[in-house]
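Notes follow once the structure below has been shown.
Convention: sequence-line order gives letters A, B, ...; per-chain numbering from 1.
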Amino acid sequence: MTDIADRRTALGILARSPAGLLAERMARIETVPAYTWLRKPETGTLMLRGRIGGDGELFNVGEATLTRCTLRTDDGTVGVGTVLGRNAAKAEQVALCDALLQRPATAASVLSEVIGPLAEAEYERQAREAAEVAASRVDFFTLVRGED
Amino acid sequence: MHLVRELDLSRLQPGFAEPVGDAQRCFRGVLDALAHPGTIVELADLPAPPPGLGAAQSALLLALADQDTPVWLPPGLRDAEAGHYLRFHCGCRLTASLADAHFVVPASLAALPALDDLRPGEPEFPDRSATLVVEVAGLATVGALRLRGPGIETEAGLSVAGWTADCTAFLRENRRRFPLGVDLLLTCGASLAGLPRTVRVDREA
Amino acid sequence: MYVAVKGGERAIAKSHELLARARRGDPGVPELSIAQIKEQLRLAVARVMSEGSLYDEDLAALAIKQAAGDLIEAIFLLRAYRTTLPRLSESQPLATGRMRLARRISAAFKDLPGGQVLGPTYDYTQRLLDFSLMDEVSETMPAGAASAEAFAEPFAESIVAPGIGELLGREGLLEAALPKADDPAPYDLTRDPLLFPVDRATRLQNLARGDEGFLLAMGYSTQRGYSTTHPFAGEIRHGAVPVEVFVDELGFAVEVGEIELTECQLITDFEGSATQAPQFTRGYGLAFGHAERKAMAMALVDRALRAREFGEQINLRDHPANNEEFVLSHSDNVEASGFVQHLKLPHYVDFQSNLDLLRRLRTEWEAARAAANREAA
């Protein structure tokens with residue numbers, strides 16, 4: 001689980017998941033290694049940059065709150081948690097999960113107990129929303145007038 | 001924006017144990033040192049610095065540098081542990097251009113850059129200037145340097161290991177450009193002294 | 001000259017107590033929770049986030065509660081809190097083209113890819129008060145909305161569709177919006193002062209945090225003839241957009257969550273010039289949360305402020321929406337509110353001196369009139 005694409009994907013799923021659901025899934029991980037902080041969770045702002053017209057020059061839209069932390073487990077693996085909002089516990093769990101995913105001994109269980117279920121839950125959330133949204137799509141039709 | 005090289009965290013030392021309180025203590029130290037040139041401020045409970053930086057020197061950068069303040073390090077430290085330490089803990093960008101740098105960390109007093117190469121500030125914003133943080137081998141309150149100016153009642157003494165006539169000339173020229181100019185922080189282990197742009201320096205024969 | 005006036009301390013302390021009681025209202029009525037405000041006053045939350053210039057639903061809801069629903073006060077609270085936070089990073093450019101659409105309409109293109117999706121909107125309501133909402137107990141979810149099973153397809157792929165730039169851009173009918181060659185970091189108004197003239201990116205940052213009421217009035221003025229543009233709503237979209245941040249210790253960008261945005265693309269005529277064939281030009285609006293009126297007003301004002309760029313006939317005195325300095329200097333409701341409300345601060349000495357002056361002028365005026373009367377007599 002050292003592939004950058006996989007790590008990126010996993011971090012994205014973790015960050016987008018509701019904190020409560022993440023905590024619930026993390027509670028199923030039995031062996032959590034000891035770790036030290038390289039950077040304790042800290043909350044600050046992230047300047048959100050947009051593009052003019054959606055695709056042009058950069059401009060500053062406004063900021064968002066962001067919480068980040070970095071930890072190192074007892075075997076030297078570094079885990080990084082960066083999430084929108086001010087939830088330090090969530091950032092810590094993301095960082096821990098990130099570290100566990102890089103360790104061969106724990107990667108499989110984290111994938112099956114945490115990442116997989118969170119991805120499924122996310123898919124389901126989005127698919128339900130999408131169905132509701134799609135139901136309000138306009139189907140234009142033209143009324144034909146005149147002789148038959 | 002970012003250096004291409006990925007951060008190497010394998011040997012990374014922790015920064016401040018209590019980022020807010022520790023940074024405030026260091027900031028207070030800098031304030032005192034600059035407000036009273038010739039006094040030496042002792043900073044306590046500093047984190048272990050990365051190789052190539054002094055304890056106070058490294059702590060000052062932890063307290064003062066952030067993502068808005070590019071830092072110039074000697075080329076040998078930039079891609080070494082010290083560079084990675086500052087990038088990680090301060091979120092600062094390391095720059096190879098002295099003219100961009102808000103903080104400049106010369107390797108020694110002998111390696112002070114030319115004043116013309118440093119950010120001098122602007123007439124409307126003299127604060128937009130460089131601050132130099134230099135590690136020296138010794139600092140004492142009695143010595144050959146005679147200091148006068150704001151924050152000194154009459155005259156203060158300072159002894160700085162490695163001080164040369166070039167350093168005196170640097171400070172005199174810096175003073176001449178007031179209100180533009182740079183500010184100098186000297187560190188030695190956990191000690192700190194300030195030589196702001198307002199200070200007038202004479203050297204005893 | 002200033003004269004220190006003291007003695008209000010006890011009165012201020014009591015005023016704080018009264019404020020707390022007034023904010024809470026009748027204790028017999030249950031207290032509002034932050035979750036209730038977030039869920040049931042989402043449009044107020046969106047406005048406070050946009051104009052407070054900080055995306056955080058919980059904090060915006062808290063500010064609304066603390067400000068007893070005074071949104072401009074809530075915006076002030078959020079701005080003040082923001083200043084206590086360190087800036088950690090900046091995001092990768094928000095890809096609004098990747099938005100999971102909750103709503104997307106166009107008044108210019110009937111059949112655009114992805115279709116017209118109405119989503120939740122007040123547009124087709126009758127604006128009749130719904131008295132069933134009076135009674136909390138009987139409040140029920142409209143049939144079907146609670147469960148996706150009520151829809152033909154309970155699950156669907158999220159709707160993601162390209163913006164209109166790609167639609168008209170290919171033929172060159174719509175002005176291109178391209179990043180500059182080296183994609184430089186934009187000027188940041190929260191770091192450096194507003195100095196005129198400013199570039200479009202800086203204007204948009206100012207408008208994004210600008211007061212909705214002010215932008216609405218300015219945008220409206222352009223439609224009523226105090227400007228020369230004739231806009232079409234090319235596209236209005238609302239939905240969730242992922243936020244990516246480059247993390248130095250990873251060496252690559254990761255998603256850190258999603259935010260809701262509302263984007264408005266206005267299309268306006270442009271006659272062309274010696275060097276440029278006639279084509280449509282654009283006005284752009286982007287706001288946090290669901291905020292269509294804000295995004296549309298912003299796009300109108302953005303386009304109006306580009307008048308000089310297109311060499312359009314402008315009259316800065318009579319057409320305020322074309323006047324960059326006027327618009328950008330007065331758009332911020334925290335600044336405006338502060339300056340208007342500072343009139344409540346003691347001006348006793350100022351006023352006394354004006355009073356003295358007025359008395360003197362009247363004495364002189366009366367003396368002059370008496371002299372004139374004597375001469376006439």
Side-chain angles (χ1 to χ4, degrees), chain A residues 4-5 7-16 38-39 42-68 70 78 80-87 94 98 123-124 126-140, chain C residues 50 53-56 82 85-91 93-94 96-97 100-102 110 115-119 148 151-159 163 165 177-180 183 185-186 188 200-201 204-205 208-209 243 245 247 249-250 252 254-259 263 265 282 284 286 288:
Chain A
I4 283 182
R7 195 172 174 196
R8 251 180 72 95
T9 307
L11 283 169
I13 292 167
L14 290 165
R16 291 190 306 268
L38 294 181
R39 171 162 36 226
E42 59 174 350
T43 295
T45 71
L46 172 73
M47 178 50 92
L48 296 166
R49 293 212 171 130
R51 290 199 177 279
I52 300 177
D55 44 12
E57 280 171 44
L58 291 170
F59 77 103
N60 291 313
V61 184
E63 286 163 293
T65 50
L66 184 81
T67 301
R68 67 176 180 188
T70 305
V78 174
V80 179
T82 312
V83 295
L84 283 180
R86 292 170 304 117
N87 192 334
V94 172
D98 180 44
Y123 176 78
E124 196 162 310
Q126 294 186 354
R128 273 175 197 277
E129 271 172 32
E132 294 188 9
V133 170
S136 72
R137 197 194 310 253
V138 181
D139 290 318
F140 286 109
Chain C
S50 269
S53 206
L54 187 67
Y55 196 103
D56 188 310
R82 185 204 75 89
L85 297 175
R87 168 80 58 83
L88 299 181
S89 190
E90 59 280 329
S91 77
L94 295 166
T96 51
R100 285 190 294 113
L101 295 170
K110 183 161 66 72
Q116 308 252 4
V117 183
L118 301 186
F151 293 96
E153 293 286 338
F155 296 103
E157 285 291 316
S158 298
I159 305 173
L178 296 170
K180 284 185 185 155
D183 216 10
D188 187 351
R200 191 173 171 208
L204 284 171
Q205 185 184 10
R209 51 201 266 131
V243 177
V245 180
V247 178
E249 55 258 50
L250 293 175
F252 53 87
V254 291
E255 277 188 31
V256 295
E258 284 184 324
I259 59 171
E263 184 185 51
Q265 305 264 9
R282 306 205 248 176
Y284 188 66
L286 189 66
F288 289 156

Side chain, backbone, both or neither: which part of [X] has an atom under 4.5 Å from a heavy atom of chain A?
X	value
C/Glu249	side chain
C/Arg209	neither
C/Leu250	side chain
C/Ser158	both
C/Tyr55	both
C/Glu258	both

Practice task
List the steps, then state whether side chain to side chain contact (heavy atoms under 4.5 Å, CB included) holds for C/Val245 with A/Arg68.
Solution key: CA-CA 11 Å; C/Val245 180; A/Arg68 67 176 180 188; over 6 Å; no
Of all heavy-atom pairs between [X] and [Y], which one has the smallest distance, and what is that distance?
X	Y	value
C/Gln265	A/Gly53	NE2-O, 2.9 Å
A/Ala134	C/Ile159	CA-CD1, 4.2 Å
A/Ala15	C/Gly257	CB-N, 4.0 Å

Practice task
Answer with side chain, backbone, both or neither: which region of A/Val80 has an atom nearer than 4.5 Å to a non-hydrogen atom of chain C?
Solution key: side chain
Practice task
Find the one option among A/Arg51, A/Arg137, A/Arg16, A/Glu63 whose heavy-atom pairs under 4.5 Å with chain C are most numerous.
Solution key: A/Glu63
Fill in the blank from the handout: Note: vs chain C, highest number of non-hydrogen pairs under 4.5 angstrom among A/Thr43, A/Val83, A/Thr65 is A/Thr65
Practice task
Using modelled atom types only, decide if a donor and an acceptor are shared between the side chain of C/Glu255 and the backbone of A/Ile13 within a distance under 3.5 Å.
Solution key: no
Problem - Any donor-acceptor N/O pair, C/Ser89 side chain to A/Leu46 backbone, under 3.5 Å - result: no
Handout entry: Candidate pair C/Leu88 and A/Glu42, rule side chain to side chain contact (heavy atoms under 4.5 Å, CB included), full reasoning
Key = CA-CA 9 Å; C/Leu88 299 181; A/Glu42 59 174 350; 4.0 Å; yes
Which of the residues [options] is involved in the greatest number of heavy-atom pairs with chain A at under 4.5 angstrom?
options	answer
C/Gln116, C/Arg282, C/Glu263	C/Gln116
C/Gly97, C/Pro93, C/Gly163	C/Pro93
C/Gly115, C/Gly119, C/Ala208	C/Gly119

Exercise for the section: May I ask you to say whether A/Arg49 pairs ionically with C/Asp183, meaning some side-chain N is under 4.0 Å from a carboxylate O? Expected result: no
Exercise for the section: Using side-chain contact (heavy atoms from CB on, under 4.5 Å) as the criterion, list what pairs up with C/Glu157, not counting sequence neighbours. Expected result: A/Tyr123
Exercise for the section: Kindly determine whether A/Glu57 and C/Arg200 satisfy side chain to side chain contact (heavy atoms under 4.5 Å, CB included), including the steps that lead there. Expected result: CA-CA 9 Å; A/Glu57 280 171 44; C/Arg200 191 173 171 208; 5.7 Å; no
